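Reading through the C-alpha cells given below for one structure.
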Amino acid sequence: MSKLTLGSYPHMLGFEQLERLLERTAKTSEGYPPFNIEQTSDHSYRITLAVAGFCEDDLSITVEDRQLVIRGRQVDDGSERIFLHRGIAARQFQRSFVLAEGVEVGEAVMENGLLHVDLTMTRPETVVQTISIRKG
C-alpha cells in the first residue's frame with residue numbers, strides 16, 4: 001500500500017509546502033501548557049494558554065516562517081524556598097501553531113494566569129487573470 005500524498009493528485013500543483021506543514025504539525029503533540037482555540041468572529045480567532053505562575057517578562061511570542069511560537073521560561077528568583085509539594089509547573093515550554101497564509105497575529109493580553117493571543121484572517125481579493133495565447 002502506497003502513501004497518499006498531495007503530489008498524488010495531478011490537479012493540485014504547488015501544494016508540497018502544505019504537505020510539509022501538515023507533517024510538521026503532526027509531530028508537535030506536547031501537552032503543556034494546555035490551551036483553547038476559539039473563533040471570535042467569522043474572520044478572527046483567539047488562542048488562550050494557561051500559564052499560571054508566569055509573568056509577561058517570562059513569555060515571548062514570535063512569528064517564524066508562518067508559525068506562531070509562544071515560549072515560556074521562568075527565571076529563578078534566587079530565594080531559598082522549600083516546597084513540600086510543587087503542583088504548579090515551573091518548567092519552560094514552547095508551543096507552536098502553524099498559520100495559514102493571510103492570518104495575522106494581533107495583540108496578546110495576559111489576564112488571570114491566561115495568555116490570550118488574537119488572530120485575524122484577511123480574505124484575499126478574487127483575481128481573474130486572462131492569459132493570452134500566442135502563435136508558436
Side-chain angles (χ1 to χ4, degrees):
M1 183 178 211
S2 64
K3 179 182 172 188
L4 192 60
T5 64
L6 291 175
S8 304
Y9 295 94
H11 302 295
M12 298 184 73
L13 304 173
F15 283 91
E16 295 81 13
Q17 183 179 3
L18 176 62
E19 191 169 9
R20 284 192 299 273
L21 285 172
L22 290 172
E23 288 175 1
R24 185 170 58 179
T25 318
K27 292 178 184 175
T28 60
S29 60
E30 61 219 30
Y32 177 78
F35 66 94
N36 292 336
I37 300 175
E38 62 183 298
Q39 185 171 0
T40 54
S41 77
D42 287 342
H43 305 291
S44 63
Y45 305 92
R46 173 174 270 189
I47 298 172
T48 301
L49 282 85
V51 290
F54 288 85
C55 68
E56 291 86 349
D57 293 335
D58 297 334
L59 301 169
S60 72
I61 302 171
T62 57
V63 177
E64 306 167 10
D65 190 26
R66 290 187 23 207
Q67 232 181 357
L68 171 65
V69 180
I70 303 171
R71 293 181 178 93
R73 170 177 272 157
Q74 289 180 323
V75 180
D76 186 16
D77 61 2
S79 68
E80 298 295 324
R81 297 186 293 176
I82 299 172
F83 290 97
L84 299 179
H85 172 75
R86 188 158 191 175
I88 300 173
R91 62 182 185 255
Q92 65 184 15
F93 69 87
Q94 176 175 314
R95 270 279 187 204
S96 300
F97 301 90
V98 177
L99 303 175
E101 197 161 322
V103 174
E104 299 290 328
V105 179
E107 74 173 345
V109 177
M110 184 82 142
E111 175 184 45
N112 299 326
L114 299 174
L115 175 66
H116 304 288
V117 180
D118 292 325
L119 308 171
T120 55
M121 169 85 76
T122 56
R123 299 279 183 201
E125 291 182 23
T126 303
V127 176
V128 177
Q129 183 179 6
T130 303
I131 309 300
S132 61
I133 303 171
R134 65 177 182 90
K135 281 189 174 178

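This one's a predicted model, so the numbers in the text were calculated from it and none came from an experiment. Because only heavy atoms are used, hydrogens play no part in the values below, and waters and symmetry mates are left out as well, while side chains stay in. Counting begins at 1 with the first residue of the sequence.
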Contacts of Tyr45 meeting ring pair (Phe, Tyr, Trp, His ring centres under 6.0 Å) (sequence neighbours excluded), chain-then-number -> none
Shortest non-hydrogen pair, Gly53 vs Asp58, comes out as O-OD2, 4.2 Å
Hphob cluster co-occupancy, Ile70 + Val109, side-chain heavy atoms under 4.5 angstrom: no
Between the CD1 atom in Ile47 and the CG atom in Leu114, the distance rounded to the nearest 0.5 Å is 13.5 Å
Notebook entry, point to check: Do side-chain atoms of Ser44 reach the backbone of Thr120 as a donor and acceptor pair under 3.5 angstrom?
Noted result: no
d(Leu99 CG, Met121 CE) to nearest 0.5 Å is 9.5 Å
- Task: For atom CD of Glu101, decide whether the heavy atoms of other residues, nucleotides or ligands shown that lie under 6.0 angstrom number more than 12.
- Result: no
Closest non-hydrogen contact found for Pro33 with Phe93 is CD-CD1, 3.4 Å
Rounding to 0.5 Å, atoms CD (Gln67) and OG1 (Thr62) come to a distance of 9.0 Å
Residue pairs meeting ring pair (Phe, Tyr, Trp, His ring centres under 6.0 Å), one or both in residues 96-136, sequence neighbours left out, come to Phe35-Phe97
CG (Leu115) and OG1 (Thr48) are apart, to the nearest 0.5 Å, by 8.0 Å
Side chain to side chain contact (heavy atoms under 4.5 Å, CB included) test vs Leu59 passes for just one of Arg73, Gln74, Arg71, Met110, namely Met110
For Arg123 and Asp42, the nearest pair of non-hydrogen atoms, with its separation, is NH2-O, 4.0 Å
Applying salt bridge (Lys or Arg N to Asp or Glu O under 4.0 Å) to Asp118 and not counting sequence neighbours gives Arg46
Item to complete: Identify whether Val69 and Val98 are in the same connected component of the hydrophobic contact network (ILVMFWY, side-chain heavy atoms under 4.5 Å).
Response: no
